[in-house]
Number of protein chains: 2
Amino acid sequence: MTPLSPKPAPRQRPTMKDVAREAGVGIKTVSRVVNGEGYVGEATAARVRAAVERLAYRRDVSAGSLRRADRRTLSIGLLLGDVSNPFDAQVHRGVEDAAGAAGFAVLSASLDEDPERERELVPTMGSYQVDGLIVMPAGPDPTALQREMDAGMPVVLVDRGVEGLETDSVVVDNQSGARLATEHLISYGHRHIAFMGDRQFLPTARMRLEGYREACWAARAATHIIPDLSNEYLAETATRAMLQASPAPTAIFAAQNLVTIGVVRALRSLGLEHEIAVVGFDDISLGDLVSPAITVIAQDPHLIGKMAAERLLARIGGDTGPVEQIIVPTSFLVRGSGEIPPA
Amino acid sequence: MTPLSPKPAPRQRPTMKDVAREAGVGIKTVSRVVNGEGYVGEATAARVRAAVERLAYRRDVSAGSLRRADRRTLSIGLLLGDVSNPFDAQVHRGVEDAAGAAGFAVLSASLDEDPERERELVPTMGSYQVDGLIVMPAGPDPTALQREMDAGMPVVLVDRGVEGLETDSVVVDNQSGARLATEHLISYGHRHIAFMGDRQFLPTARMRLEGYREACWAARAATHIIPDLSNEYLAETATRAMLQASPAPTAIFAAQNLVTIGVVRALRSLGLEHEIAVVGFDDISLGDLVSPAITVIAQDPHLIGKMAAERLLARIGGDTGPVEQIIVPTSFLVRGSGEIPPA
DNA sequence: CTGAAAGCGCTAACAC
DNA sequence: GTGTTAGCGCTTTCAG
């Protein structure tokens with residue numbers, strides 16, 4: 001019997017040598033034409049270009065980077081929480097737009113807020129020889145990233161920083177955004193506002209809680225804090241439980257997009273969506289179409305991604321200026337759910 | 001004056017040679033330990049591992065692939081319509097999950113349904129030496145992809161096929177899904193149903209139109225076709241215009257997710273959301289929370305991505321079986337907007 | 001303006 | 001079990 005050896009079709013891309021032979025020139029001349037560097041006689045160049053076309057030649061970027069002085073691979077790594085989260089996906093597109101315009105490819109992966117995955121995937125990106133890294137950090141431990149930075153890898157943080165890591169970051173002012181949201185509810189007369197937020201080991205979640213606290217204290221309002229809501233379902237369940245206790249809050253500050261959705265679902269199921277006020281952090285798709293429409297503090301994730309990529313490309317290009325923390329402004333979208341007065 | 005030469009910090013990762021020196025062994029022994037191949041004495045292996053740890057060594061995947069027999073780079077390319085479109089982002093995550101589990105990295109980019117970008121980015125992925133390609137094709141032209149396939153690159157198509165390209169694909173049955181949606185509206189008594197769809201050069205858009213036509217013909221209902229709605233805004237405007245003409249349709253089949261959102265926005269702005277029936281193709285986030293909740297034919301984009309990646313990995317692994325077309329089932333989510341009877 | 005030779009980090013083939 | 005040598009596709013250095 002013939003053993004069916006799984007022999008993958010041998011990749012047989014043409015190499016520079018093939019092009020050189022086809023054009024009847026030296027290999028270095030091909031290199032010069034392909035990279036548009038140095039001076040090559042117009043006639044020779046034309047012959048080379050024709051050969052490239054005829055053989056469908058494409059230069060191997062990674063092989064080239066092996067010997068190149070700057071060792072660039074023209075690629076960057078992007079580590080997000082989850083590429084399918086609408087917020088992250090917008091960041092992704094912002095990064096892609098800026099990187100693509102500069103001729104860089106993007107290698108992406110999801111960390112799922114798991115420090116273990118971060119520890120694993122950061123060096124993995126390194127082993128693919130990316131020229132730089134954009135990271136939405138999953139944990140508070142700076143060592144994996146620090147190690148890459150020590151090896152000369154430029155790193156830009158998005159969405160949140162990492163304590164003890166001296167590097168560029170692009171974030172929004174979570175604390176003042178949360179304070180604004182809470183003050184808005186207070187200005188409509190609420191004095192019993194619940195905070196429902198994501199896991200407290202996330203710096204963004206902590207900053208938003210801080211903003212909420214500031215506003216409550218200033219107004220001498222009680223605080224009611226429900227943290228660690230890591231998904232829609234938990235948020236929905238927690239909201240329902242909370243509203244059955246008494247005295248129930250008259251307003252809710254939902255400090256993350258999935259939490260907001262869970263809260264809205266719970267209110268809807270209890271028929272309370274027109275009784276309890278809600279302000280969310282992060283816009284949600286169709287947030288303007290539900291009834292009442294959801295008032296939110298919106299971020300601009302596409303811009304965040306774009307700025308992070310531009311910062312990174314500058315570093316890759318040799319920018320050695322001081323560490324920058326870029327704060328992207330938020331906007332307040334007043335749509336109805338946040339303007340319900342207390343009963 | 002000193003010219004500030006932008007000299008990027010020299011990447012100085014340790015190489016196998018460094019590890020070999022540190023451990024006092026030959027370079028090939030390091031290679032064997034790092035790749036877990038062949039037999040190495042336990043004591044030697046331990047010394048090597050210690051040196052790897054001490055120097056924070058990471059093997060350079062791409063340099064290795066240069067000489068390796070199978071030339072694998074352990075990376076795949078993913079070309080989507082738009083990484084930030086919720087549907088595409090879910091496909092992305094499905095691909096990442098399957099690829100990541102097999103130790104493959106994902107290089108992604110957005111084509112924006114632009115054949116020009118496809119022509120450009122397909123060979124670009126090739127030049128990064130990816131081991132295979134998953135593509136949501138932007139245009140009807142098979143040449144760029146065919147060229148890669150001729151060079152031995154495995155290709156799997158998602159969401160839609162390309163005429164004239166003999167390769168694996170993962171799609172849903174758009175035509176029967178659209179027929180079902182339309183029949184559903186007919187069963188509620190509608191005889192004047194509008195079709196609002198995406199650009200007709202997209203195969204999916206054409207198949208959905210075909211399904212709509214079939215159902216209308218079978219019921220001897222008139223057809224009312226508004227194609228080429230490439231975004232939310234166009235869909236909204238077109239819907240508003242259509243409903244002001246007479247006789248206006250009593251139901252709408254919205255054949256794409258962004259179109260559905262535009263339609264819902266228009267109905268809402270005219271106060272007709274409880275008068276005109278709507279069934280959408282593709283689920284939309286929060287579609288169950290608007291009023292009325294949106295009835296849709298839903299796809300499972302995460303599964304589509306996962307199956308595509310699994311198919312591709314099998315091909316990369318040497319599977320030379322016949323071309324497969326995998327059809328992922330759709331599901332019908334009845335939620336209210338599709339069950340409004342004609343006025 | 002053009003080409004030959006060396007070498008990037010690694011693996012294949014073959015010694016010892 | 002382990003080390004040596006050659007060479008992957010490319011860029012660098014240095015001659016012509």
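Chain letters run A, B, ... following the sequence lines, proteins first, then strands; residues in each count from 1. Predicted model only: the values in this text are computed from it and were never measured.
In this structure, of dT11(D), dG9(C), dT2(D), it is dT11(D) that holds the atom nearest to the side chain of Arg68(A). Here the side chain of Leu66(A) is nearest to one of dC8(C), dC10(D), dC10(C), namely dC8(C).
For Asp70(B) and dA12(C), the CG to C1' distance is 12 Å, given to the nearest whole Å. Between Asn35(A) atom CG and dT11(D) atom C1' the separation is 8 Å, expressed in whole Å. In this structure, Lys28(A) atom NZ and dA6(C) atom C1' are separated by 13 Å, rounded to whole Å. Between Glu42(A) atom CD and dT2(C) atom P the separation is 10 Å, expressed in whole Å. When the P atom of dC10(D) is taken as reference, atom CD of Gln129(B) falls 8 Å away, rounded to whole Å. Per the geometry, CZ belonging to Arg67(B) stands 12 Å off C1' belonging to dC14(C), to the nearest Å. Rounding to whole angstrom units, CG of residue Leu55(B) and C1' of dG9(C) are separated by 15 Å. The CD1-P distance, from Ile27(A) to dA4(C), rounds to 10 Å in whole Å.
A donor-acceptor contact under 3.5 angstrom links the side chains of Ser110(A) and Glu96(B), judged on distance only.
Both Ala69(B) and Ala63(B) lie close to DNA chain C; mapped to their nearest nucleotides by heavy-atom distance, the more 5′-ward contact belongs to Ala63(B). When each of Val25(B) and Ser65(B) is assigned the nucleotide of DNA chain D bearing its nearest heavy atom, the one mapping closer to the 5' terminus is Val25(B).
Val61(A) comes within 4.0 angstrom of nothing in the nucleic acid, heavy atoms only.
Put simply, Thr44(A) has a side-chain N or O that comes within less than 4.0 Å of OP1 or OP2 on dT2(C). Here Ser31(A) does not reach the OP1 or OP2 of dC10(D): none of its side-chain N or O atoms lies under 4.0 Å away. For dT2(C), neither phosphate oxygen OP1 nor OP2 lies less than 4.0 angstrom from any side-chain nitrogen or oxygen of Thr29(A). Listed pair Arg32(B) / dG3(D) fails the phosphate criterion, with no side-chain N or O lying under 4.0 Å from OP1 or OP2. Put simply, Arg13(B) has no side-chain N or O that comes within less than 4.0 Å of OP1 or OP2 on dG9(C).
Of the possible polar contacts, one joining the Arg160(B) side chain to the Pro137(B) backbone as a donor-acceptor pair under 3.5 Å is found.
Closest approach of Val106(B) to Val95(B), counting heavy atoms only: CG2-CG1, 4.4 Å. When every heavy atom of Ala98(A) is checked against every heavy atom of Lys306(A), the shortest pair comes out as CB-O, 3.9 Å.
Ion pairing between a basic and an acidic side chain is recognised when a charged N comes within 4.0 Å of a carboxylate O; Arg147(B) and Asp150(B) show no such pairing.
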